[in-house]
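Below is one structure, written out as structure tokens; comments come after it.
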Protein chains: 2
Amino acid sequence: MALIEIVRPDTDESQSGAHRVFTFFRDRLLSGELKAGDRLLAERELALALGVSRPVLREALRSLAMLGLLDIQHGRGAFVRAADASVLGHALTLCLAPQPNILDDVLQARIAIECQAIRLACERASERDLQAIACILDMLALSFDEPETGGGADYAFHLAIVRASGSGALMKIYEAISPLLMRSHVERRRDTFREPAITSRLVDAHREVFLSLARRDPDQAERALREHFLIGDELRRKNLISNYQPQEMKS
Amino acid sequence: MALIEIVRPDTDESQSGAHRVFTFFRDRLLSGELKAGDRLLAERELALALGVSRPVLREALRSLAMLGLLDIQHGRGAFVRAADASVLGHALTLCLAPQPNILDDVLQARIAIECQAIRLACERASERDLQAIACILDMLALSFDEPETGGGADYAFHLAIVRASGSGALMKIYEAISPLLMRSHVERRRDTFREPAITSRLVDAHREVFLSLARRDPDQAERALREHFLIGDELRRKNLISNYQPQEMKS
DNA sequence: TGCCTTAGAGTGGTAAGACCACGGACTGAC
DNA sequence: GTCAGTCCGTGGTCTTACCACTCTAAGGCA
């Protein structure tokens, strides 16, 4: 709740006011001088203290808020917010937006993260981590014929593996790509689902991944995981073909 | 150069003005309606057209600029900028800042990206990609005893592999983590370097990675790469030990 | 005495107007 | 033809004022 101390940002000449104020706060956030939950001074006081006008200060604060670093509440004040991965996700989406085939391409990033994560998890996963994954696996097996809960369990399974890796960086990046993953998943699920042979293979694949992890065998775990992704890829291709076959060419 | 058409953003009630304008532009950017290079209307006209005051509009534009989506030039105007990975890098840095051991942890992300990238590269790399990597390898071999250029060539080698994967997502994420990688690298390089035995092993390791890639053998390429990372890790540990050994404990 | 209502103070949200600083283009002189 | 100066359009900033929201505390009522 410390109301931040003010030191006039006399460095950083050449940058315009708002940008100066922006970097001022960003640096305090990076250095840990401002922690989540801290309340900033009132805008009028801050503007005075930093030697800028209120609109300029607001431009900077608003920018920080858009980045998810600040939580500005009408009538209450501005509070430092713990940076979550949602901003990262948005930034990534914006970066990747202009590129073609993003939804497929982001799958490569997913494979990259998960394969490394499961290797780390083989070394680092705690018993609790493994139990959690086992639990999700059970849910997965039970709900594999329900699209919604089944899809959720599927995602939870993979997320739990990444979490078990104990790597914050992998976790954050995985969270960042997950909104795009979701879009890809939704697009894919439209018609891929609901053939018993497929779903049972899917559950088996997950089980094998888990077993390799439980045996703490990195190479086999990664292999099982890659196998699982290959199956998904294969299914997708089959589906594409069967989708385009009946109606010749649509545009 | 299309000066954007204006449609009053009458949806999105409940959000404050600046945020409304922000999402207004963000959505146009995502949908491709605004392309890189486009010039926005003047602030005064935009404010009038969107039905907000100029300070409010500026708060939104400034936020977009901070995100790297807009390039606002004094005296010239505001231009749409191709989203590059630098913002992503900053966002990632901010997300990861509060966590301990980030510099080591981000290495895990690097390994993840590169291992998947080299697998893809084995399938997709063009002859030009391979030539480029070979060229960098030569530079690496020649300059392995110069800290600066050697370090640069090292980075360029790995970047070239990621580029050869042909995956935009992997590339963007790799670029995003590279500033953190740099920090880690600098920290590490302080004293790791300059033992001939080490540097020659380093060059050999790179060469082996390249050869596996040129033979388009994904499994071996990944193995070689992991080996390379392991060596680095081992060196780092040795160094830590030898650093702390001579002078007992320094605080 | 206790609770509810209400008014005030403090906060962010918005608007309008004016002026400054920079960049480019046009026009004039050389 | 070239160069310099001027002018206009642009973003950059400041000031002032007012509105809307939140919380709190004082006051009235039961």
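Chain naming here is simple, since letters A, B, ... match the order of the sequence lines and numbering starts at 1 in each. This is a predicted model, so every value here is computed, not measured. The figures that follow rest on heavy atoms only: side chains count, while hydrogens, waters and symmetry mates do not.
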- Donor/acceptor link under 3.5 angstrom from B/Arg54 side chain onto base of C/dG17: no
- Task: Between A/Arg62 and A/Glu45, just flag the one whose closest nucleotide in DNA chain C comes earlier from the 5' side.
- Result: A/Glu45
- Query: D/dG11 P sits how many Å from B/Leu40 CG, rounded?
  - Reply: 9 Å
- Distance in angstrom units between B/Leu48 CG and C/dA16 C1', rounded: 13 Å
- So which nucleotide from C/dG12, D/dT13, D/dT10 ends up closest to the side chain of B/Ala42? D/dT10
- What is the distance, rounded to the nearest whole Å, between atom CG of A/Leu57 and atom P of D/dC14? 10 Å
- Message: Between C/dG10 and A/Arg44, counting only base atoms on the nucleotide and side-chain atoms on the residue, is there a donor-acceptor pair under 3.5 Å?
- Response: no
- Task: Measure the shortest side-chain to side-chain distance between B/Leu180 and B/Arg183 over non-hydrogen atoms and say whether it is less than 4.5 angstrom.
- Result: yes
- Query: What pair of heavy atoms forms the shortest contact from B/Asp105 to A/Ala169, and how long is it?
  - Reply: OD2-N, 2.7 Å
- Checking B/Asp38 side chain against B/Val80 main chain: does a donor-acceptor pair fall under 3.5 Å? no
- Gap between atoms CG and C1', on B/Leu46 and D/dG9 respectively (whole Å): 14 Å
- Starting at CD of B/Glu59 and ending at C1' of C/dT14, how long is that distance when rounded to a whole Å? 9 Å
- In terms of ring plane angle, is the pair B/Tyr174 and B/Tyr155 parallel, tilted or perpendicular, where the classes change at 30° and 60°? parallel
- Query: According to a strict under-4.0 Å criterion, is B/Arg39 in side-chain N/O contact with OP1 or OP2 of D/dG11?
  - Reply: no
- From CZ of A/Phe22 across to C1' of D/dG12 the rounded distance in Å is 18 Å
- Query: Between atom CD1 of B/Ile161 and atom CG of B/Asp129, what is the distance when rounded to the nearest 0.5 Å?
  - Reply: 11.0 Å
- Task: Provide, to the nearest angstrom, the distance between the CZ atom belonging to B/Arg58 and the C1' atom belonging to D/dG11.
- Result: 6 Å
- Query: Is the backbone N or O of A/Leu69 less than 3.5 Å from a side-chain atom of A/Arg26, with the two atoms forming a donor-acceptor pair by type?
  - Reply: no
- Message: Output the rounded distance in Å from CD (B/Glu43) to C1' (C/dA21).
- Response: 14 Å
- Message: So if I take residues 70-78 of chain A and measure heavy-atom distances to DNA chain D, which residues fall below 4.0 Å?
- Response: A/His74, A/Gly75, A/Arg76
- Note on the structure: Residues passing the salt bridge (Lys or Arg N to Asp or Glu O under 4.0 Å) test with A/Glu59, sequence neighbours excluded, are B/Arg58, B/Arg62
